[in-house]
Amino acid sequence: MKKAEQSFFEAVWEVVAMIPSGKVTSYGAIAQYLSTPKAARMVGWAMNASLNAKLSIPAHRVVNRLGILSGKTHFGQIDLMETLLQNEGLIVVEDKIVNFKENFWDPSTELS
DNA sequence: GGGTTGACGTGCC
DNA sequence: GGGCACGCCAACC
């Protein structure tokens with residue numbers, strides 16, 4: 001299921017696509033899963049690229065390490081990301097996921 | 001090929 | 001505890 005020629009973006013998209021509903025993860029966690037923890041910024045960029053590519057991946061389930069919706073401004077509508085998360089059972093207050101730790105989904109742990 | 005960018009992370013003040 | 005500065009690496013121009 002793994003292609004050798006896929007770029008970072010595609011690898012990130014695969015991981016994000018596997019995030020179960022109601023769960024969230026961080027850019028760093030994804031980057032770490034990809035064995036490139038230093039390239040966490042690329043994950044965010046991949047999200048932006050995915051939106052631009054109109055891919056059907058739950059980019060709203062990816063937040064920064066603090067559980068803050070740092071990328072909400074890229075969803076077209078500011079409240080969209082927050083709305084989607086709350087719709088999945090997450091509690092968002094002040095652009096931050098309150099029960100972030102409880103619903104944190106680490107690909108390195110879940111996917112092994 | 002070189003410089004800039006970026007939805008981050010960590011460390012330090 | 002909040003804010004600032006540096007580092008990181010891949011894609012873009």
Side-chain angles (χ1 to χ4, degrees):
Chain A
M1 69 200 287
K2 191 170 193 176
K3 298 301 181 64
E5 300 300 328
Q6 71 179 0
S7 64
F8 239 82
F9 287 9
E10 296 178 41
V12 173
W13 296 338
E14 275 193 36
V15 177
V16 176
M18 287 186 284
I19 302 176
S21 179
K23 295 289 183 178
V24 290
T25 189
S26 66
Y27 305 95
I30 297 174
Q32 193 174 55
Y33 175 74
L34 297 177
S35 302
T36 53
K38 311 295 177 52
R41 320 186 81 188
M42 300 305 96
V43 179
W45 201 351
M47 295 295 96
N48 196 358
S50 71
L51 292 179
N52 195 5
K54 302 181 181 60
L55 297 178
S56 302
I57 62 175
H60 60 276
R61 293 178 190 155
V62 185
V63 295
N64 68 358
R65 191 182 167 294
L66 301 177
I68 301 175
L69 315 186
S70 52
K72 60 180 291 186
T73 58
H74 285 264
F75 280 80
Q77 189 177 11
I78 301 299
D79 296 333
L80 180 59
M81 187 175 186
E82 179 178 336
T83 301
L84 291 172
L85 290 173
Q86 288 182 130
N87 190 35
E88 296 182 355
L90 294 169
I91 304 174
V92 181
V93 178
E94 300 281 321
D95 301 338
K96 180 181 60 181
I97 301 176
V98 178
N99 53 349
F100 174 64
K101 183 184 176 186
E102 302 170 15
N103 294 281
F104 181 71
W105 186 82
D106 189 353
S108 301
T109 303
E110 303 296 334
L111 301 178
S112 299

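Throughout, protein chains are lettered first and strands after them, A, B, ... in sequence-line order, and every chain is numbered starting at 1. When reading the values below, keep in mind they use all heavy atoms of this one structure, side chains included, and skip hydrogens, waters and symmetry mates. Because the structure is a prediction, the values reported are computed rather than measured.
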Subject >> CD/E94(A): more than 12 non-hydrogen atoms of other groups inside 6.0 Å >> reply: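 No, not enclosed.
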
Original post:
Using the ring of each side chain (for Trp, its six-membered ring), is W13(A) parallel, tilted or perpendicular to F9(A), with breaks at 30° and 60°?
Top reply: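 Ring orientation of W13(A) relative to F9(A): tilted.
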
Between [atom2] on [N] and [atom1] on [X], what's the gap in Å once rounded to a whole number?
X      : N       : atom1 : atom2 : value
L34(A) : dC8(B)  : CG    : C1'   : 14 Å
M47(A) : dA7(B)  : CE    : P     : 12 Å
N52(A) : dT5(B)  : CG    : C1'   : 15 Å
I30(A) : dA7(B)  : CD1   : P     : 15 Å
K96(A) : dG2(C)  : NZ    : C1'   : 12 Å
Y27(A) : dT10(B) : OH    : C1'   : 17 Å
L66(A) : dG2(C)  : CG    : P     : 10 Å

Subject >> Nucleic acid footprint by protein, nucleotides 6-13 of chain C - heavy-atom cut-off 4.0 Å, B for base, S for sugar-phosphate alone >> reply: -BBBBBS-

Original post:
Under a 4.0 Å N-O cut-off, is there an ion pair linking E88(A) with R61(A)?
Top reply: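 Counted as a salt bridge, because a side-chain N and a carboxylate O are separated by less than 4.0 Å.
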
**OP:** Spell out, as yes or no, whether a donor-acceptor pair under 3.5 Å connects the side chain of Y33(A) to the backbone of D106(A).
**Re:**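 A pair under 3.5 Å: no.
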
Original post:
More 5' along DNA chain B: R65(A) or N48(A), using each one's nearest nucleotide?
Top reply: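 Nearer the 5' end of the strand: N48(A).
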
Subject >> Any M81(A) side-chain heavy atom under 4.5 Å of V63(A) side chain >> reply: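 When only atoms from C-beta onward are counted, V63(A) and M81(A) do touch, with a gap below 4.5 Å.
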
Original post:
Across the strands shown, which category fits A59(A) at heavy-atom distances under 4.0 angstrom: base, sugar-phosphate, nothing?
Top reply: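 The answer is base, as A59(A) lies within the cut-off (heavy atoms under 4.0 Å) of a base atom.
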
**OP:** With heavy atoms under 4.0 Å as the rule, sort L51(A) into base, sugar-phosphate or nothing.
**Re:**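 L51(A): base contact, heavy atoms under 4.0 Å.
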
Original post:
Under a single-linkage rule joining Ile, Leu, Val, Met, Phe, Trp and Tyr whose side-chain heavy atoms are separated by less than 4.5 Å, which residues share a cluster with I68(A)?
Top reply: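 Reading the cluster by chain and number, I68(A) sits alongside L66(A).
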
